[in-house]
Amino acid sequence: MAATLSVHLTYFNDSNTPQKAWHKHIKTGRTNRNSRIVNKQKVMKFGPFNRTQLNTVKALVEPEPSTCSLTRALCNIVDSGCMENALYLFEKMIQLDTYIRNTYIWNVMIRGCTNNGLFREAVDFYCRMGFEGVQGDNFTYPFVIKSCTGLLSLMEGQKVHAKLFKIGLDLDVYVSNSLIVMYAKMGYIEFAERVFREMPVRDLVSWNSMISGYVASGDGCSSLMCFYEMQALGMKPDRFSMISALGACSLEYRLHCGKEIHCQVLKCGFELDVMVQTSIIDMYGKCDMMDYAERLFDRISPRNVVAWNAMIGGYAQSSHFLESLAFLRKMQDGDKLNPDIITMINVLPSCAQLQALLEGKSVHGYAIRKGFLPHPVLETALVDMYGECGKLDMAERAYGRMTKKNLISWNAMLAAYVQNGWNNKALVLFQDIWHQPFKPDAFTFASILPAYSESATLREGKQIHGFIMKSELGTNTFILNSIVYMYAKCGDIGAAREVFDRMLHRDVISWNTIIMAYAIHGFGRFSVQLFSEMKEKGFKPNESTFVSLLSSCSISGMVEEGWEYYNSMKRDYGIDPGIEHYGCMLDLIGRTGNLELAKIFIDEISLFPTARIWGSLLTASRNNQNIELAELSARHILSLEHDNTGCYVLLSNMYAEAGRWEDVERLKCLMIKEGLEKTKGCSVVEINSRTCRFINNDRSHAETNMIYDVLDIIMRKIGEDIFVHSFTKFRPLDLRKNRANSPQKHSVRLAISFGLISTTIGSPILVRKNTRICEDCHIVAKKISEITRREIIVGDSKVFHHFRDGHCSCRDYW
DNA sequence: CTAGGGTTAG
């Protein structure tokens with residue numbers, strides 16, 4: 001007795017994992033006696049170890065097996081889930097001639113493995129069965145197919161499917177139904193359809209399998225069509241059909257259909273079924289009808305975690321984030337239920353949207369304590385939550401720890417970078433695509449394109465455009481809109497227009513985007529023209545349309561048109577101006593130099609003035625040399641956003657221009673106290689597909705001497721003009737010498753100079769910089785465009801300046 | 001003697 005026991009126990013230890021041992025055993029059919037003592041935990045993986053049961057098993061087979069009761073015993077052991085005991089008995093049994101060809105006991109073993117999630121083992125058993133010359137029957141295959149489904153292995157599944165034709169089981173209803181489910185769950189819905197189509201007889205389960213199969217493949221419409229077609233053929237749907245059809249309604253947000261099925265549920269008397277109830281709640285939640293869902297939920301009794309999850313998820317999806325968190329609390333306090341992994345996944349988006357970092361962290365902590373991690377979906381939700389809460393380091397850590405990264409988690413990390421303005425990190429992560437087994441999707445591009453708009457060079461922009469055109473998303477309106485904007489921001493307004501013109505389907509956003517594209521390039525006439533075209537084509541302008549349009553009027557100095565559009569917005573389109581519209585109008589007023597009007601305008605705004613509003617006034621004050629108003633604006637801005645670096649810099653420049661050095665020094669100290677640093681100016685120019693980056697006083701470039709020489713020659717040539725012009729708006733000439741950072745060596749000039757010597761005569765030069773261009777560089781750029789007869793395009797952090805023949809598209813106001 | 005379909009998820 002002791003000897004056999006040890007044989008049994010040590011068996012699992014002849015390799016590192018129980019699974020491995022199990023495979024080996026099934027393949028060889030032999031046990032290995034040369035092993036160490038069993039690790040109990042590993043055995044436990046195969047189900048609860050039951051010593052009493054094992055003794056009973058031994059009593060059955062040793063010394064004299066009592067033949068007739070063996071099969072029944074095997075069945076009982078398998079049902080108890082103790083597969084290693086079942087295996088022991090099974091091995092003894094097939095040593096007897098009576099049992100080796102008994103299909104039934106093989107089926108029992110395969111069933112046991114399948115039901116216990118040992119899919120690989122089930123399939124191995126099936127293979128061994130064939131090897132032993134025992135043929136599978138109509139009972140064998142549903143289990144084997146289910147195991148193939150669990151393995152998500154199309155190859156194994158198709159091998160089994162092929163065998164079915166050979167032995168003539170391909171038309172068996174049970175087997176075919178299993179095949180439908182298998183193909184659908186693996187994502188090969190057309191294979192499932194084919195199996196279904198070729199069935200000579202279909203029963204209720206066949207239809208249900210198709211209805212749920214379509215839902216699994218994300219095609220709610222086909223699922224519902226199937227649901228109705230089945231009824232047209234006189235088949236009465238049962239609770240399984242209802243549950244799947246409700247899932248289809250959720251998928252397609254078909255409230256009407258959902259209500260209809262809800263009625264059917266009541267008529268058929270399924271309304272007390274918890275699963276049906278949960279499906280209905282989910283449907284109402286997805287259709288944004290949480291009041292219906294809650295009314296139903298209140299009547300469920302007893303309520304389980306799944307129902308609670310559906311409520312929590314429903315509230316999160318319909319943007320009722322506080323309710324979602326409240327339900328989590330109620331679930332624990334009221335029903336004394338423990339949240340599971342799905343609860344966590346449902347509640348994290350609510351924490352994210354509420355920026356409730358504390359709640360998000362406690363969910364994270366709970367997940368750790370409960371041992372829910374690692375779990376790819378949960379980890380992705382955590383990355384998303386930390387990203388939304390602005391805790392990029394936490395998001396990065398959560399992402400870095402993931403063992404099973406996939407497209408969605410990768411997208412979440414990208415989005416986190418982009419949302420927090422870490423565009424360069426996003427671009428670096430995006431390059432990872434070449435090492436990943438998955439392909440980017442619409443979400444990827446939607447996330448990454450704004451990062452390209454902000455931080456990429458035109459060349460990189462063209463690359464991503466090409467990449468997208470080669471994917472199946474080349475005609476996606478949403479993504480093409482982002483590409484239009486990206487080209488505009490990368491400096492190529494022509495390319496932006498070309499993409500826009502070639503779009504198959506334009507929506508309002510497409511028009512808004514192209515109007516804005518012309519706006520930031522200072523081509524207000526084109527914006528206005530496109531606005532009329534848009535109206536002619538029957539598109540209804542929305543709030544954003546007017547933001548684009550008013551921005552364009554202000555940037556291009558089209559004051560009258562601006563007021564006209566502003567007035568028509570409310571009058572003709574019933575759109576109340578929002579804070580952005582007020583901001584654009586302030587820019588416009590500021591441009592006219594009427595600061596009094598600007599102040600009055602702010603007072604009359606019906607909304608609370610944001611930092612952006614005061615920022616407009618600050619810019620206007622600066623351009624009109626009104627230090628008092630600038631100080632007032634700055635105070636307002638800093639009370640709202642104490643870390644607004646740009647505000648400090650602008651005011652400091654104004655003090656410098658006025659020679660108030662002690663104030664400059666004071667601001668400098670304030671900035672240091674706040675822990676702020678002036679953004680380092682940096683200009684980028686692309687030459688022969690190489691990106692060259694310059695900072696102020698840069699001497700790192702290989703051709704530095706040449707760059708400075710050329711700059712010197714140009715400056716000398718235009719020096720007299722500069723002297724004449726440089727009284728400019730508000731700068732005493734001698735001040736330039738006092739400035740620590742002389743404009744003589746500003747990064748833009750270095751970039752332009754390098755552009756001039758590295759490109760063919762006559763071709764335009766494109767420079768992009770991260771801060772606003774300064775007055776001096778603006779004048780110099782105009783002169784360079786004149787004397788070199790080149791078009792120079794400089795994109796600063798707000799607009800693109802097109803310098804040509806000594807003039808700039810911004811008409812010297814920016 | 002054994003079989004097939006179902007609820008919540010980034």
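Residue numbers start from 1 in every chain, and the chains themselves are labelled A, B, ... in the order their sequence lines are given, proteins ahead of strands.
Looking at A/S209, its side chain has no donor and acceptor atom pair within 3.5 Å of the base of B/dG5. Between the base of B/dG10 and the side chain of A/N406 there is a donor-acceptor pair shorter than 3.5 Å. Put simply, the side chain of A/T278 and the base of B/dT7 share a donor and an acceptor less than 3.5 Å apart. Judged by distance alone, with hydrogens and angles left aside, A/D238 brings a side-chain donor or acceptor within reach of the base of B/dG5, the pair sitting under 3.5 Å.
Every ring pair (Phe, Tyr, Trp, His ring centres under 6.0 Å) that A/Y284 has, sequence neighbours left out, goes to A/H262, A/Y292.
Remark: C1' of B/dT8 and CG of A/D340 are 8 Å apart, rounded to the nearest angstrom. Nucleotide B/dA9 holds its C1' atom 10 Å from the CD1 atom of A/I341, rounded to whole Å. Rounded to an integer number of Å, the gap from A/I110 CD1 to B/dC1 P is 20 Å. Protein atom CG of A/L348 is 14 Å distant from nucleotide atom P of B/dA9, rounded to whole Å. Remark: C1' of B/dG10 and OH of A/Y399 are 13 Å apart, rounded to the nearest angstrom. We find that CE of A/M283 is positioned 13 Å from P of B/dT8, with the value rounded to whole Å. We find that CG of A/N115 is positioned 11 Å from C1' of B/dT2, with the value rounded to whole Å. If you take CD1 of A/I77 and C1' of B/dT2, they are 16 Å apart, rounded to a whole angstrom.
In this structure, A/Y126 has its ring center closer than 6.0 angstrom to the ring center of A/Y141. Ring pair A/Y399/A/W410: centre-to-centre distance not below 6.0 Å.
Using modelled atom types and a 3.5 Å distance limit, the side chains of A/D335 and A/N304 yield no donor-acceptor pair. In this structure, a donor-acceptor pair under 3.5 Å is absent between the side chains of A/T103 and A/D137. Under the 3.5 Å distance criterion, with hydrogens and angles disregarded, a donor-acceptor pair is assigned to the side chains of A/Y417 and A/E396.
Here A/L204 lies in heavy-atom contact (under 4.0 Å) with a base. Base engagement by A/N107 is indicated by at least one non-hydrogen atom pair under 4.0 Å involving a base atom. Residue A/V305 is classed as having no contact, given no heavy-atom separation below 4.0 Å to the nucleic acid. Heavy atoms of A/K185 sit under 4.0 angstrom from primed sugar atoms or phosphate atoms, though from no base atom. Across all strands shown, A/V306 has heavy atoms under 4.0 Å from base atoms, whether or not it also approaches the sugar-phosphate. Nucleic acid contact class of A/F143 (heavy atoms, under 4.0 Å, all strands): sugar-phosphate only. Within 4.0 Å of A/N138, counting heavy atoms only, lies at least one base atom of the nucleic acid.
By the stacking rule of 5.5 Å between ring centres and under 30° between planes, A/F240 stacks on the base of B/dG5.
Checking B/dC1, B/dA3, B/dA9 against the side-chain heavy atoms of A/T71 singles out B/dC1 as nearest. In the set B/dG5, B/dC1, B/dA9, B/dG5 carries the atom at the smallest distance from any side-chain atom of A/N208. Candidate nucleotides B/dA9, B/dA3, B/dG5 were compared by shortest atom distance to the side chain of A/S212, and B/dG5 ranks first. Closest approach to the A/D172 side chain among B/dA3, B/dG10, B/dC1 is made by B/dA3 (side chain taken as heavy atoms from C-beta onward). Of the candidates B/dT7, B/dT8, B/dG4, B/dT8 carries the atom nearest the A/N346 side chain, counting heavy atoms from C-beta on. For A/P142, the listed nucleotide lying nearest its side chain is B/dG4; candidates were B/dG4, B/dT7, B/dA9. Comparing B/dT7, B/dG10, B/dG4 against the side chain of A/Q317 picks out B/dG10 as the nearest. Nearest nucleotide to the side chain of A/I342, out of B/dG4, B/dA9, B/dG5: B/dA9. For A/S279, counting side-chain heavy atoms from C-beta on, the closest listed nucleotide (B/dG5, B/dT7, B/dA9) is B/dT7. Among B/dT2, B/dG10, B/dA9, the nucleotide with an atom closest to any side-chain atom of A/F139 is B/dT2.
Ring geometry, A/Y183 versus A/H161: the interplanar angle falls from 30° to 60°, so the pair is classed tilted.
No more than 12 heavy atoms of other residues, nucleotides or ligands shown are found within 6.0 angstrom of CG on A/L358.
Applying the side-chain hydrogen bond (donor to acceptor under 3.5 Å, both in side chains) test to every pair with at least one member in residues 162-174 of chain A, sequence neighbours left out, gives no pairs at all.
Put simply, the side chain of A/Q277 gets close to the backbone of A/E271: a donor and an acceptor are under 3.5 Å apart.
If you check residues 250-266 of chain A against DNA chain B, you find no residue with a heavy atom closer than 4.0 Å.
Taking only side-chain nitrogens and oxygens, A/K404 never comes nearer than 4.0 Å to OP1 or OP2 of B/dG10.
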